[in-house]
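Only one structure is covered here, and it is reproduced in the block below.
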Amino acid sequence: KTSHLSRPRARLTAMTPRFAWLLVACALATGSAGGARVNPLAGRSLLELRPGVSRESKTSLGDWMADDADVLYPRTLHSVVLPGTHDSGAYWLTKQTMPDAHFPPPWATAAIAVAEKLGIPVDKVITNWALTQGGDVSAQLHAGYRYLDIRAGWNGTKWCVHHAEVGVPVSFVLSQLRRFLEKHKGEFVVVQVSHLDGTPSEEETRALKTTIAEVLRGVLLPRAVDVDGNCSLNFTIGEMVSMNHRALVVFGDGDYGEKDLSSKKEKLSKATRDVADDFLWPPRLLRNGWADTGDPSALVGYARAQTIAFANGNASKDSGATLSKLSWTLTAQVGTVLESVLPGRPKTLRALNAKVEPLLFPFARESVQFGCRTSNILSVDFATGSDAVTAARLMNQIDVARKCVWEVELSDE
């Protein structure tokens, strides 16, 4: 059946010869486009259950996990949904593109070609599609988001966040996280540091690890990997909060969800292993779900399929080894950037994602009706205007013993 989200594409009429040539030139330049357990804090007073709860204002969501402790604390990370931000550090970007980039988004090359042919500064095009958040990391955390996606690149002198262009120093982002955790002692945050770009040396990469370990000293969850290379996340959230291990940092690049490191690489000798490695989890801990589409209806269909797959995966024997992440984001495609010069087309990533933001909460509400959680992490762009926190808290109310029946309902259509 036809989705109510589908929209007729505007016809490319009245195209000038110059713009038609530009489309061809750019196209050639870019190519084709876990279960509940006994609450370890049970029996303690509400004040004790929410240690150090801070109340800045009635609208702050800085302590929502502590507020929902009765539901969240008895569970492991495998049985909850944490709202997160995609490209968390891309809220402010310089005009500098990431040097020696190994992870350039495909649309960036198209943006450069468009800017050059139109005779305008490259950043005037790239920045519109590279900015993914409207507030800094502190604002994201206070808005309730508990997963941070930090893309770290070496710009030649220091580690900075990046998304096509270079942003603020990674150390600044980590410091904001540290200050938040010191003030909100009942909260738990998952951080992913990846897309290590800019051709850093081993020494520079080691320095990044050391910075993470030093800034977050005392709140990091120690890495737990068995002899077979499987990650072990068996503590409940309440147990981790009580031990003050409230930041789980995933570090490095690789095929998320796969054993990207061989057993030989996993068994690093004490001579070559950094102390920071004891607190940095491998990238295979996270299984990434990303639609890579600019079409709202395609994203909704993908999210539904991923939700069903996530429900089925929870019963697998290795479900305790990974966390599932679903990105509720629309992605700029090469064609999206090329067509942005046409009247009525989105000219920024914010405008593109405005098409899908209103669809998240209805989707979450429907998934709850079928007893389904979408994932362990629900990641969004422009988070301060999203319903992701409300959606996650709603899905966390689903009993862990309840079976997701969405697949059965779909098969009857």
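Any value given below was found using the heavy atoms of this structure, including those in side chains, with hydrogens, waters and symmetry copies removed.
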Heavy-atom closest contact ([X] atom, [Y] atom, distance):
{"X": "Leu352", "Y": "Ala332", "result": "CD2-N, 4.0 Å"}
{"X": "Leu181", "Y": "Arg246", "result": "O-NH2, 2.7 Å"}
{"X": "Arg373", "Y": "Asp399", "result": "NH1-O, 4.3 Å"}
{"X": "Gly252", "Y": "Pro283", "result": "O-CB, 3.7 Å"}
{"X": "Cys231", "Y": "Trp281", "result": "CB-CZ3, 4.0 Å"}
{"X": "Ala110", "Y": "Leu338", "result": "CB-CD2, 4.2 Å"}

Got a sec, which residues hit ring pair (Phe, Tyr, Trp, His ring centres under 6.0 Å) with [X], two or more places apart in sequence or on another chain?
{"X": "Phe180", "value": "His142, His184"}
{"X": "Trp154", "value": "Trp159"}
{"X": "Phe363", "value": "Trp328, Trp406"}

Given Phe188 and Val219, is the side chain to side chain contact (heavy atoms under 4.5 Å, CB included) satisfied, shown in steps? CA-CA 10 Å; Phe188 186 93; Val219 296; over 6 Å; no
Do [X] and [Y] have side chains that get closer than 4.5 Å, going by heavy atoms?
{"X": "Val241", "Y": "Tyr73", "result": "yes"}
{"X": "Val225", "Y": "Pro282", "result": "yes"}
{"X": "Ser297", "Y": "Tyr302", "result": "no"}
{"X": "Val81", "Y": "Ile377", "result": "no"}
{"X": "Leu141", "Y": "Val189", "result": "yes"}

Is there a donor-acceptor pair under 3.5 Å between the side chain of [X] and the backbone N or O of [Y]?
{"X": "Glu165", "Y": "His163", "value": "no"}
{"X": "Ser379", "Y": "His86", "value": "yes"}
{"X": "Gln176", "Y": "Ser138", "value": "yes"}
{"X": "Asp197", "Y": "His102", "value": "yes"}
{"X": "Ser88", "Y": "Leu148", "value": "no"}
{"X": "Thr236", "Y": "Thr76", "value": "no"}
{"X": "Arg345", "Y": "Thr336", "value": "no"}
{"X": "Tyr147", "Y": "Leu82", "value": "no"}
{"X": "Asn396", "Y": "Ala392", "value": "yes"}

Find the distance between [atom1] ([X]) and [atom2] ([Y]) and round it off to the nearest 0.5 Å.
{"X": "Arg393", "Y": "Asp387", "atom1": "CZ", "atom2": "CG", "value": "13.0 Å"}
{"X": "Ser386", "Y": "Gln133", "atom1": "OG", "atom2": "CD", "value": "9.5 Å"}
{"X": "Ser242", "Y": "Lys185", "atom1": "OG", "atom2": "NZ", "value": "14.0 Å"}
{"X": "Ile237", "Y": "Leu77", "atom1": "CD1", "atom2": "CG", "value": "5.0 Å"}
{"X": "Arg179", "Y": "Lys183", "atom1": "CZ", "atom2": "NZ", "value": "11.0 Å"}
{"X": "Leu216", "Y": "Leu248", "atom1": "CG", "atom2": "CG", "value": "11.5 Å"}

Under the criterion side chain to side chain donor-acceptor pair (under 3.5 Å), I'd like the reasoning laid out for Thr211 against Glu214: C-alpha separation, chi angles, the key distance, then a yes or no. CA-CA 5 Å; Thr211 297; Glu214 290 179 350; 5.6 Å; no
Restricting to salt bridge (Lys or Arg N to Asp or Glu O under 4.0 Å), what partner residues turn up for [X], sequence neighbours left out?
{"X": "Arg350", "result": "none"}
{"X": "Lys209", "result": "Asp277"}
{"X": "Glu182", "result": "Arg178"}
{"X": "Asp381", "result": "none"}

Test log, rule side chain to side chain contact (heavy atoms under 4.5 Å, CB included), inputs Tyr145 and Val137: CA-CA 9 Å; Tyr145 291 90; Val137 165; over 6 Å; no
Side chain to side chain contact (heavy atoms under 4.5 Å, CB included) assessment of Leu360 paired with Leu378: CA-CA 10 Å; Leu360 176 56; Leu378 179 61; 4.0 Å; yes
Please step through side chain to side chain contact (heavy atoms under 4.5 Å, CB included) for the pair Asn128 and Leu349, ending with a clear verdict. CA-CA 6 Å; Asn128 285 337; Leu349 186 62; over 6 Å; no
For [range], which residue pairs pass the salt bridge (Lys or Arg N to Asp or Glu O under 4.0 Å) check, not counting sequence neighbours?
{"range": "residues 89-109", "value": "none"}
{"range": "residues 121-147", "value": "Arg146-Glu187"}
{"range": "residues 78-89", "value": "Asp87-Arg151"}

Do [X] and [Y] have side-chain N/O donor and acceptor atoms under 3.5 Å apart?
{"X": "Thr157", "Y": "Asn155", "value": "yes"}
{"X": "Gln397", "Y": "Asp68", "value": "no"}
{"X": "Thr205", "Y": "Glu202", "value": "no"}

Show the numbers, then the answer: is there a side chain to side chain donor-acceptor pair (under 3.5 Å) between Gln140 and Thr85? CA-CA 8 Å; Gln140 294 167 32; Thr85 56; 2.7 Å; yes
Please identify each residue that fulfils side-chain contact (heavy atoms from CB on, under 4.5 Å) with Ser324, with sequence neighbours left out. Phe310, Ser375, Asn376
Test of understanding: with side-chain contact (heavy atoms from CB on, under 4.5 Å), list the residues that count as partners of Ala298, not counting sequence neighbours. Thr293, Asp295
Determine the sole option in [options] for which the side-chain contact (heavy atoms from CB on, under 4.5 Å) test with [X] is passed.
{"X": "Asn353", "options": "Val380, Thr348, Leu330, Thr132", "value": "Leu330"}
{"X": "Val193", "options": "Val173, Asp253, Leu208", "value": "Leu208"}
{"X": "Val122", "options": "Thr127, Ile112, Val114", "value": "Ile112"}

